[in-house]
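What you see is a predicted model, and the numbers here were worked out from it, not measured in a lab.
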Amino acid sequence: MQGPHTELTIRSRYGWLRDLIPIYSLFQLVPNLAAIILILWLYDWQALVTKDTVLPLVVGWVLQFMARPSEMTVSHAEAAWVEAALDDQEFYEKSDTDGRWWRTGQDWWQRWPHQFVTLIPGDRVTLVAPRDVMEAIRNALELMEEQGDSWFQGDRPFALQPPEPAPLHWTAHVPAFAIGAASVLTAVWLIATRGLDGIVDWGLSAAALSQGRFETIFLHMFTHGGLLHLVMNLSVLAAIGGMLTVRLGPPPLAWLRFLLLFVFSALAGAALFLTLHPTGTVPMVGASGGIYGLVALLLRTRPEGGPVLAIRSRTIRRSGWALVKENAFLFLLLALMSWVGDATIGLAWEAHLGGFLFGLLVGPWFLPRETGAEGDGAAEPMPQSLSAAG
């Protein structure tokens, strides 16, 4: 059984060099070759790397890379819990011939030979599974270790779905609504009065500051580069706004703390952006820096109150790594979209990082005093009695 500080580490089964071409059987190779030939045929056998062919090829590679074979060492108690959960959820069924767990309800052509779950006994048990499934299993095991319970939603194996929280009072949504309304009104006013050029005029850059346009330091955080950019940021803001507001104390002080954290996180993101681009001319717009600061503080606080999570805690480390991967993926996706669409679309990851670090390091100072002290973030040992939650 795991101790409270033992990490569950996921490893590649074949090594990262092998995973760069995530095809692990002839059965998987044949449809991949057929898809490539079809794509080339549809585009008159152009060179492989062109604007028309690269997007479907990249998407296909990403989907297969996400399910690459992986391993993780677990205790016998954890292994028993995983098997009980597999049996209880019925997303997988155990084969009588090889003892592996295979996805249920799939036709023969959907069953990739490497996408199974198996447990190899020893002093400790080696768990083998596709990477996306393995990460879901690890999250479930860690939740069991910390809270002694886990909840699964019904559409994916080991996908965690906490119980529905109590409905939030409308006052909890006021600061997020205010920021969202300001962003929408800004977009409408800019397009109506200045057209798309207004977005550039309100963007923050070293060149704008050298021209004396210091108002862009604040205006940029309510300006967005397009409808998709605006919708993405407002969706995140709506999802986290109420949850964070209730952790900031009673209104109206909670509203003030929320808005100040948003503004100062956005300013921290802007500061890092300008530091890394001291002579830049490309303007930056968007509320992402402020939103990342809100997300960081939300990660460090607990729904039930109490001390904030320590920065060295497992949750914060995982969240930081997830931030890196998310921004790397967005950067590559936007670069690809720019190449395909002949338009310049960038990602101000510097603002994301600056806002996140501010919320992570300084955010707890915005909390009510009784919840501002830092906890050790240590997890409780996994209980001796393990059972799969349905």
Side-chain angles (χ1 to χ4, degrees), residues 139 143 146-147 149-153 159-187 221-224 227-269 286-309 313 315-316 318-320 322-323 326 351-352 355-373 375:
N139 291 339
L143 184 64
E146 293 173 355
Q147 301 183 11
D149 200 357
S150 60
W151 310 272
F152 300 117
Q153 57 189 13
L160 297 177
Q161 180 64 54
E164 287 294 325
L168 297 175
H169 194 265
W170 67 268
T171 56
H173 302 286
V174 168
F177 178 83
I179 295 171
S183 299
V184 171
L185 291 174
T186 297
M221 66 184 71
F222 300 102
T223 311
H224 291 79
L227 180 61
L228 180 60
H229 188 198
L230 177 63
V231 170
M232 288 176 60
N233 276 346
L234 295 191
S235 297
V236 177
L237 191 61
I240 69 170
M243 291 187 292
L244 181 59
T245 302
V246 297
R247 302 180 192 187
L248 291 170
L253 278 180
W255 302 345
L256 179 61
R257 293 181 181 122
F258 188 101
L259 295 174
L260 287 176
L261 177 60
F262 171 82
V263 170
F264 281 112
S265 297
L267 293 176
S288 298
I291 290 175
Y292 268 88
L294 300 175
V295 170
L297 181 58
L298 185 65
L299 290 172
R300 291 202 65 184
T301 55
R302 310 168 193 255
E304 68 279 5
V308 297
L309 288 174
S313 68
T315 299
I316 300 301
R318 292 263 169 83
S319 300
L323 171 69
E326 173 188 294
H352 295 184
F356 186 82
L357 290 177
F358 184 88
L360 199 67
L361 300 174
V362 185
W365 291 90
F366 289 80
L367 294 167
R369 287 187 179 180
E370 62 271 16
T371 59

Point to revise | Counterpart residues, side chain to side chain contact (heavy atoms under 4.5 Å, CB included), relative to Ala268 (two or more places apart) | key: Phe358

Point to revise | Distance (rounded to the nearest 0.5 Å) between Phe366 CZ and Phe262 CZ | key: 12.5 Å

Exercise for review: Over all heavy atoms of both residues, which pair between Ser183 and Leu230 is shortest? Give the atoms and the distance, please.
Suggested key: CB-CD1, 3.8 Å

Revision key, fill the gap. Heavy atoms of His229 and Gly286 approach each other most closely as CE1-CA, 3.8 Å

**Study point:** Side-chain (Arg247) to main-chain (Thr301) donor-acceptor, under 3.5 angstrom
**Key:** yes

Check your understanding: So which pairs with a foot in residues 251-265 pass side chain to side chain donor-acceptor pair (under 3.5 Å), sequence neighbours left out?
Key -> none

Study note, to complete from the structure: Between Leu360 and Arg300 the two heavy atoms that sit nearest each other are O-NH1, 2.7 Å

Practice item. For residues Phe222 and Leu185, determine if any side-chain heavy atom of one lies less than 4.5 Å from a side-chain heavy atom of the other. Key: no

Exercise for review: Working to the nearest 0.5 Å, report the span between CD1 of Ile291 and CG of Leu234.
Suggested key: 7.0 Å

Check your understanding: Counting heavy atoms not belonging to Phe264, are there more than 12 under 6.0 Å from its CZ?
Key -> no

Exercise for review: Could you list the residues that satisfy side chain to side chain contact (heavy atoms under 4.5 Å, CB included) with Ala254, not counting sequence neighbours?
Suggested key: Thr245, Leu248

Point to revise | Those residues that, when tested against Leu357, pass side chain to side chain contact (heavy atoms under 4.5 Å, CB included) (two or more places apart) | key: Leu353

Practice item. Quick one: closest heavy-atom pair of Leu237 and Ala176, and the distance? Key: CD2-O, 3.4 Å

Exercise for review: To the nearest 0.5 Å, tell me how far Leu297 CG sits from Phe356 CZ.
Suggested key: 10.5 Å

Practice item. Take the angle between the ring planes of His352 and Tyr292 and call it parallel below 30°, perpendicular above 60°, tilted in between. Key: parallel

Check your understanding: For the residue pair Leu259 and Pro175, what are the closest heavy atoms and their distance?
Key -> CD2-O, 3.9 Å

Practice item. Identify, with sequence neighbours excluded, every residue that meets side chain to side chain donor-acceptor pair (under 3.5 Å) alongside His169. Key: Thr171

Practice item. Answer whether the closest heavy-atom distance between the side chains of Leu294 and Val236 falls below 4.5 Å. Key: no

Study note, to complete from the structure: The side chain to side chain contact (heavy atoms under 4.5 Å, CB included) partners of Leu361 (sequence neighbours excluded) come to Ile311

Review point. Is any side-chain heavy atom of Leu267 closer than 4.5 Å to a side-chain heavy atom of Met221?
Key: yes

